[in-house]
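Input: a single structure, listed below in structure tokens.
Numbers restart at 1 for each chain; the letters A, B, ... are given by sequence-line order, proteins then strands.
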Amino acid sequence: MSSRKRYWLMKSEPDAFSIDDLQKVGVEPWNGVRNYQARNHMRQMQVGDGVLFYHSSCAIPAIVGIAKVASVAYPDPTQFDPKSDYFDAKSTHEEPRWSLVDVAFERKLKRAIPLEEIKQHADALGEGFALTQRGSRLSVSPVSAAQWKLLLSLE
DNA sequence: GCCAACGTTGGC
DNA sequence: GCCAACGTTGGC
């Protein structure tokens, strides 16, 4: 039994990993998330959930594409790798602290939807939307069906 | 490069 | 358990 499809927003710095990179590899394990809230969101994900792919920390921050959740959450292997930037000495195989999901490319938007434009719809998006919430730095956050629909209508 | 917002750490 | 210090995020 799987529950209804949900929607998410995932941020990435295009210098590190862009929508074009995702298109090239097809599927990417979303490793390196070291924030409990973001981790908890990934643990709620179901295969097939929709993902808005957002470029942050760049010239024009924008939603640039759509991806799909391609796996349920599983332990992020980088937490066990002492050579990784994401190594966490306090995490154990018995009780892994950090999780990830696989993310699959679906398509790029016909045009990127810049943050500047998204902000103009802050009222319609409502209070629960990460990008229009003051000071929100969460890299993985939920998106309602209504927000998803509104944002894609701007495309 | 600046700075506001926020999470985490660690001393007490 | 409080809270100051510090680090990180991310828009501008």
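Checked against the 6.0 Å centroid threshold, A:W8 and A:F53 do not count as a close aromatic pair.
Between the P atom of C:dG10 and the NE2 atom of A:H55 lies a distance of 13 Å, rounded to the nearest Å. Summarising the geometry, the separation between CD on A:Q133 and C1' on C:dG10 is reported as 15 Å, rounded to the nearest angstrom. Between A:E13 atom CD and C:dG11 atom C1' the separation is 12 Å, expressed in whole Å. Spacing between atom NZ of A:K119 and atom C1' of C:dG11 amounts to 7 Å, rounded to whole angstrom units. If you measure from atom CD1 of A:I118 to atom P of C:dC12, you get 11 Å, rounded to the nearest angstrom. Atom-to-atom, CG of A:L115 to P of C:dG11 comes out at 6 Å; the value is rounded to the nearest Å. Rounded to an integer number of Å, the gap from A:R137 CZ to B:dA5 C1' is 6 Å. The interatomic distance linking A:L138 (CG) with C:dG10 (P) rounds to 9 Å, in whole Å.
Distance check, rounded to the nearest 0.5 Å: NE2 of A:H121 to CG of A:L154 gives 4.5 Å.
Set against B:dC6, C:dG11, C:dG10, the side chain of A:Y54 has C:dG11 as its closest nucleotide. Closest to the side chain of A:Y36, from the set B:dT8, B:dG7, C:dG11, is B:dT8. Among the nucleotides B:dG7, B:dC6, C:dG11, the one closest to the side chain of A:R134 is B:dC6.
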Subject >> Derivation of the side-chain contact (heavy atoms from CB on, under 4.5 Å) call for A:I113 and A:L115 >> reply: CA-CA 7 Å; A:I113 302 165; A:L115 177 60; over 6 Å; no
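Surrounding CG of A:L152 are more than 12 heavy atoms belonging to other residues, nucleotides or ligands, all under 6.0 Å away.
A:K11 has no side-chain polar atom (N or O) that falls below the 4.0 Å cut-off from OP1 or OP2 of C:dG11.
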